[in-house]
Amino acid sequence: MPSIIKEHISTCTELHQVQDHCPERPYVELMIPRDARNIVSVTFTTVSRDQGWADDGGFSYSWFDGIVQRRTSGHTDLPVYTICGNRTANPEFFKQETCWDYQSGTRKRLWVEALQAGDIIGILPRAMYPARVNILREASIKIQYETYEEGENKNTAPKEDKKGFYERPVKTNSYEIRVLVVEPGSYDDPIHCRFDYITLIEDGSNGSPPEFDALSYCWNVSPGDSYILLDPNFHTGGDVPWIGRKFDVGQNVETGLRRLRQKDKAIRIWIDAICINQKDLEERAQQVSIMGMIYSQATTVHIWLGEGNVLVDVALRVVHELFNFAYGSCPGAESCHCADDGISKHGVSTQDAEVKRPPEGVRSISNTAITNFWGLIKRNYSSQLSEIGDDWWTGEISAMVGGLYQHPWFTRVWVLQEAILARRAFIHSGAEVILFKEVISMSNLFLEIRSTPGWWAHIKWRPALAPIWGRLGKSTPALTEESESQVSPGAETKGPGDAGSEIKRPFGILDVFIDGLVMRATDPRDKLFALLPFAYELSNQKEKDEHRLELARLIRPNYTKPTAAVFADFTRWWIQTHKSLAIFSYIHADPARSWRRMRNQRQSTESASDSLNQSQHPTWTIGADGRASWASATLESQFSFRATGTTTPRLSLQSIDEESNNGPQYLTLKLEGLQVTTITKIGHFPIETFFPYGSEDAMNGDDETGPGRRQNIRAVFHKIIDPCGMQPFWTLEADPIENLRTDVSAARSFYSDHLRTHWAYCPRDNLTALAPPSEDNKGEDGGTGGPKLYQTHKLPTCLDPCFFVATGGHYGLCPWTAREGDIVVLLYGGNVPYLLRPVDEEGHSGGTKDLFELVGECYVQGIMNGEFLDKKNDGSDQQAVTRTFTLV
């Protein structure tokens with residue numbers, strides 16, 4: 001029966017200018033419909049131009065990227081690829097249409113094939129260098145897709161009940177685990193397996209870990225036709241014959257086992273999808289809680305990236321060669337003996353004087369030596385590079401290595417402990433095998449040397465590996481300094497009991513969680529559970545005695561607890577343990593709640609018109625989505641305000657009884673504080689009144705003693721809203737360069753460039769700004785002292801309204817999600833004021849029963865250092881009365 005082909009299109013027709021200092025947000029987005037089975041093609045259409053001039057020929061430095069955000073699974077966002085570029089020095093709008101389908105190059109064909117229902121495709125306009133502009137008038141995304149026949153279901157195959165495969169549950173009162181024993185065989189033979197039970201050694205004991213390996217991989221959405229033959233009751237040495245039954249597994253597990261299986265002896269390997277009874281929630285939770293022990297005691301962790309991906313295969317080879325060039329001691333080529341240690345052979349010699357590493361280290365390598373070595377790699381792997389296509393064989397090193405670092409495995413949250421805690425780890429792609437430390441070491445090297453003259457021509461952008469990889473395991477060989485990384489490719493790392501092997505855990509649980517937001521998990525609860533071993537609250541002995549029992553009770557892995565309750569427990573525990581409300585500021589890491597709008601206009605308008613509680617968890621709890629850089633763009637992170645002095649939170653703690661923590665009352669939080677004011681109007685920032693780049697003090701907020709102490713609001717606008725693009729907050733790079741330029745003359749120049757690109761090339765309406773209350777202003781009613789709306793073209797048009805005035809003469813800065821009618825409160829234990837939105841019991845705005853949604857933090861002039869609380873305490877403000885706010 002022929003497939004049914006449908007089309008779906010999304011279009012935006014708003015004038016839009018993008019410059020190097022603008023936030024990176026999509027211009028138009030399209031969500032793939034739920035009835036999509038396979039994507040046939042994706043067509044991008046843009047109507048655009050550049051600034052109309054250029055001081056040199058060639059590329060216009062303004063272009064469009066295709067991006068994908070995945071909302072429906074634990075899979076990673078797909079790689080970002082360039083769609084098209086503007087014509088250089090072209091003053092006229094022109095139309096471009098670009099189609100990606102099965103006939104496209106390898107990278108884009110695989111990109112299209114990986115799309116699935118629920119994915120959000122976006123067009124991201126880009127520009128490089130301050131004077132270059134991308135001017136967009138219209139754009140659309142159109143997909144063609146195969147849909148399901150009427151009555152057809154994508155999961156028609158009956159699911160086999162796996163309960164019968166598990167002879168007995170593991171002993172949850174000990175450290176017992178199942179391991180899979182894989183019988184010998186050749187690659188194409190059926191995979192015969194059985195279970196064995198072993199017990200791990202307890203931390204700090206003198207025993208030796210049991211002999212077994214572990215597999216780290218990407219889960220498949222559905223197993224398809226992949227299976228192993230498993231006899232859970234078979235034991236060697238008995239008279240019982242082996243009787244295997246089909247046990248469905250993902251394709252990655254099946255191909256990984258085929259590659260790892262030995263021809264002459266059985267292997268013992270732990271695989272979470274098989275060795276944990278996923279239907280037994282008690283066993284699942286207990287085994288998840290000891291995952292760190294499992295991977296740290298495994299003899300070897302095998303990281304399996306899959307079979308048949310030539311892009312990843314070649315990228316792994318290139319990393320292998322570059323690591324040897326930078327740090328290794330293998331002579332390479334015919335003199336390489338790495339295969340004796342189970343490692344892929346180095347095909348490129350490092351003995352040639354023209355490519356030899358200088359004694360001063362890899363950072364001092366000349367551009368000529370790097371170019372020569374890269375030339376040897378290209379000649380050695382020319383056929384593979386040509387197969388990949390897209391002219392990579394003449395391209396940059398970073399583009400090649402990016403094909404590896406963009407693999408979904410590197411974004412799974414569980415792989416952090418699977419790889420970082422391992423005694424020894426190999427990474428496999430097809431027949432290629434290298435040490436895991438080579439992959440991470442090269443990522444760190446690219447970050448350090450991408451601005452080094454010799455390397456710049458080859459590493460113009462850093463392959464996007466999440467920063468959390470480098471921050472969690474500084475003491476592992478994969479993440480050490482250069483002097484410690486010069487080890488032979490076959491060297492084994494220290495075990496758990498060896499000196500110097502302890503993994504540093506410098507972060508608290510909140511730090512680790514925020515850093516891990518970019519990682520992915522099929523179950524959002526795993527975004528917390530997988531990171532618990534890295535938090536100092538669990539590893540620091542002094543803290544463990546005081547908090548371990550309560551922490552384990554509240555946030556131990558528990559899959560019977562709903563997701564909302566898991567994050568409510570985490571937020572509530574953090575407030576109680578740290579005696580602070582600082583965690584509230586980090587809700588701004590959420591893409592729908594960041595200080596600046598990072599969605600396209602239509603999606604943001606739809607979001608802002610509804611309740612903040614769209615993620616089905618309370619607005620006061622931290623969520624599982626977002627970016628660490630957006631969490632850094634907060635008052636809590638960037639300033640040292642003390643709006644409530646030295647107070648601590650006054651909260652009514654609900655019962656933490658696990659039998660009763662799932663009801664709606666449990667998902668509320670009652671806190672005491674003071675209501676300060678109510679927002680009456682929101683407009684664009686009054687740049688003429690509070691220009692932040694008139695002096696160093698104004699920009700940095702150093703002069704807090706001047707008249708009216710207005711310097712603070714200028715500094716907040718500069719650091720958080722960041723109209724100059726000087727902070728690494730509003731970019732989509734995984735690890736943007738920290739821009740430490742604070743010279744006011746440079747900032748003034750950046751602002752001028754940014755402003756000009758928004759107003760110089762196309763006519764557009766002025767923005768409506770809002771002046772603060774003053775004796776000189778005429779209010780809308782003609783009276784004096786009120787706020788004043790006025791028109792301005794002194795702000796970049798990529799900024800959203802962020803300035804508010806409120807009752808009592810107050811004014812300040814707020815996130816883009818704030819609305820008129822929101823109230824400003826000081827909650828005891830909070831360093832900054834917060835915005836609350838009154839709602840009714842159904843979550844609709846305008847409620848009157850003391851129920852509130854947490855909008856986020858805000859800046860209010862004149863109360864950031866305890867002034868309002870002082871007036872309440874000394875009796876000068878009789879209306880400042882402590883009350884209870886119930887957050888929902």
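For the pair T46/L136, a side-chain contact is recorded, criterion being any heavy-atom separation below 4.5 Å from C-beta on. Inter-residue side-chain proximity for I83 and I123 is flagged as met; some heavy-atom pair is nearer than 4.5 Å. Counting heavy atoms from C-beta outward, L835 and I679 have side chains that approach closer than 4.5 Å. For the pair C802/H684, no side-chain contact is recorded, criterion being any heavy-atom separation below 4.5 Å from C-beta on. Counting only heavy atoms from C-beta outward, the side chains of N309 and L110 approach each other to under 4.5 Å. Taking the side chain as every heavy atom from C-beta outward, E146 and I4 never approach each other to under 4.5 Å. The shortest side-chain heavy-atom distance between W759 and P796 does not fall under the 4.5 Å cut-off. Taking the side chain as every heavy atom from C-beta outward, I587 and W620 never approach each other to under 4.5 Å.
Ring-plane geometry between F803 and F690 is classed as tilted, the angle between the planes lying from 30 to 60 degrees on a 0 to 90 degree scale. Classified by interplanar angle (parallel below 30°, tilted 30° to 60°, perpendicular above 60°), the ring pair F410/Y405 is perpendicular.
Across E138 and T13, no two heavy atoms sit closer than the pair CG-CG2, 3.7 Å. Heavy-atom minimum distance, D822 versus V855: OD2-CG2, 3.8 Å. Of all heavy-atom pairs between A769 and T792, the closest is CB-CG2, 3.8 Å. Of all heavy-atom pairs between P26 and L124, the closest is N-CD1, 3.8 Å. Closest of all the heavy-atom pairs between G623 and H617 is CA-NE2, 3.8 Å. Listed here is the closest heavy atom pair of E29 and S10: O-OG, 2.7 Å.
Salt-bridge annotation for D20 and R126: absent, with no side-chain N of the basic residue lying under 4.0 Å from a carboxylate O of the acidic one. A salt bridge links R756 and D753; the closest N-O separation between the charged side-chain nitrogens and carboxylate oxygens is under 4.0 Å.
Of the residues W816, F691, F717, the one that meets the ring-ring contact (aromatic ring centres under 6.0 Å, His included) test with F685 is F717.
For T411 (side chain) and H407 (main-chain N/O), no donor-acceptor pair under 3.5 Å exists by modelled atom type. In this structure, Q727 contributes its side chain and F729 its backbone to no donor-acceptor pair below 3.5 Å. The backbone N or O of Q19 lies less than 3.5 Å from no partner atom in the side chain of H754, so there is not a single donor-acceptor pair. Side-chain atoms of D590 never come within 3.5 Å of backbone atoms of G626 as a donor-acceptor pair (strictly under, hydrogens ignored). Side-chain atoms of S60 do not come within 3.5 Å of backbone N or O of T88 as any donor-acceptor pair. No donor-acceptor pair closer than 3.5 Å links the side chain of D722 to the backbone N or O of K719. In this structure, the side chain of S62 does not engage the main chain of N134 through any donor-acceptor pair within 3.5 Å. Between the side chain of R627 and the main chain of S629, no donor-acceptor pair closer than 3.5 Å is present. Here the side chain of T619 pairs a donor or acceptor atom with the backbone of V888 at under 3.5 angstrom. A donor-acceptor pair under 3.5 Å links the side-chain atoms of H588 to the main chain of R593, judged by distance alone.
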Checklist entry - Stepwise, does the side-chain contact (heavy atoms from CB on, under 4.5 Å) test hold for V18 with E24? => result CA-CA 9 Å; V18 170; E24 296 179 358; over 6 Å; no
Checklist entry - Does the salt bridge (charged side-chain N to carboxylate O under 4.0 Å, His left out) test come out yes or no for R34 and D119, once each step is laid out? => result CA-CA 9 Å; R34 299 295 180 183; D119 287 351; over 6 Å; no
Next on the checklist: Could you walk me through whether S752 and S749 satisfy the side chain to side chain donor-acceptor pair (under 3.5 Å) test, starting with their C-alpha distance in whole Å, then the side-chain angles of each, then the deciding distance to 0.1 Å, before giving a yes or no?
Outcome noted: CA-CA 5 Å; S752 177; S749 176; over 6 Å; no
Item to check | Step-by-step ring pair (Phe, Tyr, Trp, His ring centres under 6.0 Å) determination, F584 to Y586 | outcome: CA-CA 5 Å; F584 283 170; Y586 298 109; over 10 Å; no
Item to check | Derivation of the side-chain contact (heavy atoms from CB on, under 4.5 Å) call for R520 and V413 | outcome: CA-CA 5 Å; R520 298 290 174 177; V413 69; over 6 Å; no
Checklist entry - Which is it for F513 and K527 under the side-chain contact (heavy atoms from CB on, under 4.5 Å) test, yes or no, and what are the steps along the way? => result CA-CA 7 Å; F513 180 80; K527 297 285 284 287; 4.3 Å; yes
Next on the checklist: Working note: W630 + W595, criterion ring pair (Phe, Tyr, Trp, His ring centres under 6.0 Å); need CA distance, chi angles, decisive distance, verdict.
Outcome noted: CA-CA 8 Å; W630 299 343; W595 258 85; over 10 Å; no
Next on the checklist: Pair E7, K142 - check side-chain contact (heavy atoms from CB on, under 4.5 Å), show working.
Outcome noted: CA-CA 7 Å; E7 287 188 354; K142 182 180 72 174; 3.8 Å; yes
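Among residues two or more places apart in sequence or in another chain, the side chain to side chain donor-acceptor pair (under 3.5 Å) test is passed with W63 by D65. Residues forming a side chain to side chain contact (heavy atoms under 4.5 Å, CB included) with C99 (at least two apart in sequence, or on another chain): S41, T43, D101. By the salt bridge (charged side-chain N to carboxylate O under 4.0 Å, His left out) test, D526 is found to be paired with no residue, residues two or more places apart in sequence or in another chain being considered. Take E92 and apply the side chain to side chain contact (heavy atoms under 4.5 Å, CB included) test, not counting sequence neighbours, and it matches N90. Judged as a side chain to side chain contact (heavy atoms under 4.5 Å, CB included), and not counting sequence neighbours, the contacts of I143 are H8, L30, I32, P33, I39, V42, I121, Y145. Evaluation of the salt bridge (charged side-chain N to carboxylate O under 4.0 Å, His left out) rule for E113 yields R109 as partners, not counting sequence neighbours.
Q638 and S632 share no donor-acceptor pair across their side chains, judged by distance under 3.5 Å alone. Under 3.5 Å, the side chains of N86 and S48 contain a donor-acceptor pair of N or O atoms. For the residue pair T757/Q51, the side-chain donor-acceptor check at 3.5 Å is not satisfied. E857 and S585 share a side-chain donor-acceptor pair at under 3.5 Å. For the residue pair Y751 / H21, no side-chain donor-acceptor distance below 3.5 Å is found, with atom types taken as modelled.
Judged by the 6.0 Å distance and 45° axis criteria, R87 is positioned over the aromatic ring of F94.
Residue R49 holds its CZ atom at 8.5 Å from CD of Q17, rounded to the nearest 0.5 Å. We find the NE2-CZ distance between H758 and R764 to be 8.0 Å, quoted to the nearest 0.5 Å. Between T797 atom OG1 and N766 atom CG the span is 11.0 Å, to the nearest 0.5 Å. Separating the CZ atom in F804 from the CD1 atom in I682 is a distance of 8.0 Å, to the nearest 0.5 Å. In this structure, T45 OG1 and K95 NZ are separated by 6.0 Å, a value rounded to the nearest 0.5 Å.
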